[in-house]
Amino acid sequence: MAGFQSLPGFRDYHPEDFSRRQQVFRVWRSAATAFGFQEYDAPVLEPLDLYKAKSGEEIETQLFSFTDKGGREVSLRPEMTPTVCRMVGEKAGSLKRPIKWFSIAEFYRYERAQKGRLRAFHQLNADIFGEAGPEAEIELIALLIQCLAGFGLTQDDFIIRLSDRNLWFYYLEALGFTAAQIPAVLTVVDRFDKAGAPQVEAFKPYVEKFGPLDQTTKNRVHAFALQSGSNFSEQEILTLWLQDAKPEAREKVSARMADFRKIMDGLADMGLKDFVEMDMMVVRGLAYYTGFVFEAFDRKGDLRALAGGGRYNDLVKKLGGPDLPAVGFAIGDVTTGLLLEQHKKTEPYANAPAVYAVIGGEAARKTAFADIQALRASGVRVEYPFKDLAFGKQFKTASESGAKLALIYGDDELAKRVVKLRDLADRSERDVPHDQVVAVVRDLLSRR
RNA sequence: GCGGCCAUAGCUCAGCUGGUUAGAGCACAAGAUUGUGAUUCUUGGGGUCGCGGGUUCGAAUCCCGUUGGCCGCCCCA
């Protein structure tokens, strides 16, 4: 059709699309609620500075930002984290700890759309504030698993990869990298699985910035990134690390490994062992993460990340709030939807009334309307034809609508002060006294 | 921001190397059928062939541009 189209990367939700979206939201919401998270929402439009403060100036090219009529620099929200940090920061003093919040909301990013990525998309965001220990990570990762397992997906379909930026910092410090260089190295690590030959291609961005790097160091970084698996060995990691470490730093690393083990064991105790594995290759793009980071991927590996999250202990303070530790994750609807389609976990679209009223004429319509309204007011979904139609036509429509029952209002029934009730599945019929129709229908429907 | 492929009805597509008034299936609607439905038959609505320009006697078809979609690169909070 010529004329107006939706904007690139934005979607119309026709009823079938909308019902699928609702299925996703339903699973997410019931998971978050079961885990004791409280739902909130926030403005779609925020001051541009909120995102610049968190992510730096460069972010602006990927924001839906503009100047409003009052001259304010504003942006559609590209994510929830800064907003929720502000909200929690404002009231942190009066909120019971731990603070466990979630939202399901739409976000907007000015990027080129491609598979699994659009300009407008929905995310569930779940965050825990006020808990510095790894117990918060256990809780969140368990919730993330439920947000996917709730669709019937299993450990054969997706995997959570857990990593720790602190371990990376300690290790890279030990290798002699400066605080300025470490983020660049982590960018390199992020590229390892994409860039093919890691020692050559992947280090390019680092080398361009800080000059050449000896091959031994490159190999060590790569070896550390390869630490992975569900049965990771602290011993191996410590050994690898210790060969480069100053003795006084060993305690830090041991404590970190203990926390790592605690998360893995906690999830194993919940029966979720097979959903999680260590993977030091995961570092996550942005620099504000301060500890454990994790991502969810499909097992086949042909989709982009399903979800991502981690600890950001400094962000609430950075945005003007109190010093408040935090962990959170977000899971998106686009990639999740692709995964559900791949695994045929989408619910079939259902749009059937419970009752269809077959109406024989104008006199019958008056009686039918009274019952229809009474049934609807009591919550029963009832449909009826707007115009007078042949009975045959009406029965066909009733059948095709998927209704369980038909109520037949004709001259014969009117004369006898009854309504004929037909079971559309087995085609049985019986007369029901007119004043009992609502009660009988409700009773029949509740039995199934 | 860069590159590849694509664009005909609501959906899936056909339409030959340019040639009358652009087709099919599905879907939707009406009728056969004013007291009983899943089949069937008949009929109908719906297209400026994504948009703009060019070549030509003539363009859905060839050329250029543009918009949108899909896929990849950059990025990915």
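A gap of 34 Å separates the C1' atoms of B:rA60 and B:rC41, to the nearest Å. Going from the P atom of B:rG50 to that of B:rC6 covers 14 Å, rounded to whole Å. Here the separation of B:rA14 from B:rA7, taken at their C1' atoms, is 15 Å to the nearest Å.
Residue A:Gly9 is in sugar-phosphate contact alone, with no base atom involved, counting any heavy-atom pair closer than 4.0 Å across all strands shown. Heavy atoms of A:Glu16 sit nowhere under 4.0 angstrom from any nucleic acid atom. Within the 4.0 angstrom heavy-atom criterion, only backbone atoms of the sugar-phosphate kind lie near A:Ala390; the bases stay farther away. Using a 4.0 Å heavy-atom criterion, one finds that A:Glu400 contacts no nucleic acid atom at all. As judged by a 4.0 angstrom heavy-atom cut-off over every strand, A:Pro78 is placed among the base-contacting residues. Contacts of A:Asp411 with the nucleic acid, taken as non-hydrogen atoms under 4.0 Å apart, include base atoms. Using a 4.0 Å heavy-atom distance criterion, A:Gln62 is classed as a base contact.
Under the 4.0 Å criterion applied to side-chain N and carboxylate O atoms, A:Arg86 and A:Asp49 are not assigned as salt-bridge partners.
Residue A:Phe395 and nucleotide B:rG37 are not classified as a stacked aromatic pair, given the requirement of ring centres less than 5.5 Å apart at an interplanar angle below 30°.
Between A:Trp28 and A:Thr336, the closest side-chain pair of non-hydrogen atoms falls below 4.5 Å.
Dashed line: the shortest gap from a side-chain N or O of A:Arg112 to OP1 or OP2 of B:rC74 is not under 4.0 Å.
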